[in-house]
Novice: 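Next up is a structure, given as structure tokens.
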Amino acid sequence: MSLVLDPAAQDLLFREARTANTFTDEPVTEEQVQAIYDLVKYGPTAFNQSPLRITLVRSPEARERLVALMAEGNQPKTAAAPLVAILSADNEFHEELPALFPHFPQAKDAFFSERQVRESAAAMNATLQAAYFIIGVRAAGLAAGPMTGLDFEGVRKEFLDDDHTPLMVVNIGKPGPDAWFPRSPRLAYEDVVTTV
Ligand SMILES: Cc1cc2nc3c(=O)[nH]c(=O)nc-3n(C[C@H](O)[C@H](O)[C@H](O)COP(=O)(O)O)c2cc1C
């Protein structure tokens, strides 16, 4: 009663959405990824810094290189998913700030001249955007399989550069047979929420 979002949408995005471990062969199109991005780009970040970068791993050769960098248990799903995305944080996001935060263009120099400050801001805000991205994948009627079991330095060297920090790899597609274990319990409201 307290939620205004249509109950079917609540189920699609949260209650019935699962982290898929297997996928059908149905391709994930460029149009679908574009629609997902054009939705989730509106999720908030500090100073609107928008540091998430998405690398779609589409070629078989690139997929092979990525699979080799995944933890053993993650390799079969990364090899089989219709689409795999590397999500990373752009540590040089401040270059876009004058355009992205036009009512305070001084933010770039006032707050983000130091690389260390940028790295921690980019990690937090790109991780937030990664969460929006997972929900966006669900909004497209697809399942996401986010993974952090991987060789991060290897992924940075093979697919990114020193200005980008890999955050996670996400398998994307329609869930296949036996796509998940039984749903694990979640913490109850009383265990999580305190009021002061
Ligand atoms: C940031 C992140 C990293 C994860 N890394 C892995 C991973 O390396 N391998 C794996 O099999 N599952 C991984 N998972 C999947 C989680 O175990 C799964 O999302 C969680 O248990 C909830 O499952 P459910 O959505 O089916 O309820 C990861 C999930 C997230 C969000």
Side-chain angles (χ1 to χ4, degrees), residues 3 5 7-24 26 28 33 36-37 39-41 43-46 50-57 62-91 119-160 164-189 191-192:
L3 301 177
L5 188 67
Q10 296 173 27
D11 288 343
L12 180 75
L13 300 181
F14 294 101
R15 273 186 222 97
E16 288 175 12
R18 298 296 311 275
T19 302
N21 294 306
T22 71
F23 297 90
T24 68
E26 191 176 320
V28 177
V33 181
I36 291 165
Y37 179 71
L39 182 66
V40 305
K41 68 185 180 187
T45 55
S50 311
L52 178 71
R53 301 293 178 265
I54 301 168
T55 307
L56 301 178
V57 182
R63 180 76 68 101
E64 211 170 295
R65 281 192 288 135
L66 180 59
V67 168
L69 295 166
M70 301 303 297
E72 207 179 321
N74 289 334
Q75 289 185 351
K77 30 193 170 186
T78 304
L83 180 62
V84 180
I86 299 168
L87 305 191
S88 65
D90 182 359
N91 297 310
E119 280 183 14
S120 76
M124 172 186 266
N125 288 283
T127 304
L128 276 175
Q129 289 186 285
Y132 308 146
F133 181 77
I134 291 166
I135 305 303
V137 166
R138 294 171 171 188
L142 300 168
M147 295 169 299
T148 48
L150 56 99
D151 171 357
F152 281 91
E153 205 37 49
V155 167
R156 189 209 287 264
K157 281 197 191 119
E158 279 286 327
F159 294 95
L160 306 168
H164 293 81
T165 303
L167 299 171
M168 67 187 75
V169 166
V170 185
N171 299 324
I172 303 168
K174 287 263 166 70
D178 297 321
W180 37 72
F181 304 111
R183 181 74 116 175
S184 300
R186 299 302 202 252
L187 295 175
Y189 181 85
D191 298 328
V192 173

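In this text the structure is predicted, and so the values were computed from the model without any measurement. One-based numbering along the sequence shown. Counting starts at 1 for both ligands and their atoms, following the listed order.
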Novice: Report yes if the side chains of Y132 and L52 come closer than 4.5 Å at any heavy-atom pair, otherwise no.
Specialist: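 Side chain of Y132 against side chain of L52, heavy atoms only: no contact under 4.5 Å found.
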Novice: Which ligand 1 atoms are under 4.0 Å away from a heavy-atom of N74?
Specialist: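 Within the 4.0 Å cut-off of N74, ligand 1 contributes 7 (C), 8 (O), 9 (N), 10 (C), 11 (O).
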Novice: Polar-atom distance check: N21 versus ligand 1, any N or O pair below 3.5 Å?
Specialist: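 No.
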Novice: Counting heavy atoms only, which part of R186 comes closer than 4.0 Å to ligand 1: side chain, backbone, both or neither?
Specialist: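 It is the side chain that touches ligand 1; the backbone stays farther off.
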Novice: Atoms of ligand 1 less than 4.0 Å from G149 heavy atoms?
Specialist: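 Close to G149: 8 (O).
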Novice: With side-chain contact (heavy atoms from CB on, under 4.5 Å) as the test, would you mind laying out the steps for V137 and I36 before giving the verdict?
Specialist: CA-CA 6 Å; V137 166; I36 291 165; 4.1 Å; yes
Novice: Do ligand 1 and M168 have nitrogen or oxygen atoms that lie under 3.5 Å from each other?
Specialist: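 M168 vs ligand 1: no N/O contact under 3.5 Å.
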Novice: When you look for heavy atoms under 4.0 Å from ligand 1, do you find them on the side chain of T148, its backbone, both, or neither?
Specialist: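 Both the backbone and the side chain of T148 come within reach of ligand 1.
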Novice: Using side-chain heavy atoms (C-beta onward) and a distance below 4.5 Å, is E26 in contact with P82?
Specialist: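 No, side chains not in contact.
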Novice: Looking at atom 31 (C) of ligand 1, is any protein heavy atom nearer than 4.0 Å to it?
Specialist: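 Yes, there is a protein heavy atom closer to it than 4.0 Å.
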Novice: May I ask you to identify the nearest protein heavy atom to atom 26 (O) of ligand 1, giving residue, atom name and distance to one decimal place in Å?
Specialist: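 Atom 26 (O) of ligand 1 sits closest to the protein heavy atom R18 NE, 2.7 Å.
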Novice: Counting non-hydrogen protein atoms only, what is the nearest one to atom 29 (C) of ligand 1? Give residue, atom name and distance.
Specialist: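 Nearest protein contact, heavy atoms only, for atom 29 (C) of ligand 1 is P146 O, 3.6 Å.
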Novice: Pairs of nitrogen or oxygen atoms closer than 3.5 Å, one from T19 and one from ligand 1: do any exist?
Specialist: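 Checking ligand 1 against T19, an N or O pair does fall under 3.5 Å apart.
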Novice: Return a yes/no value: protein heavy atom under 4.0 Å from atom 8 (O) of ligand 1?
Specialist: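 At least one protein heavy atom is under 4.0 Å away.
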Novice: Does the side chain of I172 reach to within under 4.5 Å of the side chain of F23, using non-hydrogen atoms?
Specialist: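 No, their side chains stay 4.5 Å or more apart.
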Novice: I'd like to check N74 versus L150 (side-chain heavy atoms, cut-off strictly below 4.5 Å). Are they in contact?
Specialist: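 When only atoms from C-beta onward are counted, L150 and N74 do not touch, as no gap falls below 4.5 Å.
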Novice: Does the protein put any heavy atom within less than 4.0 Å of atom 24 (P) of ligand 1?
Specialist: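 At least one protein heavy atom is under 4.0 Å away.
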Novice: Give a yes/no verdict on whether any heavy atom in K77 is under 4.0 Å from an atom of ligand 1.
Specialist: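 Checking ligand 1 against K77, which is what was asked, there is a heavy-atom contact under 4.0 Å.
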Novice: Between D178 and T22, do the side chains contain a donor N or O and an acceptor N or O under 3.5 Å apart?
Specialist: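 Their side chains do not contain a donor-acceptor pair, so the 3.5 Å distance test is not met.
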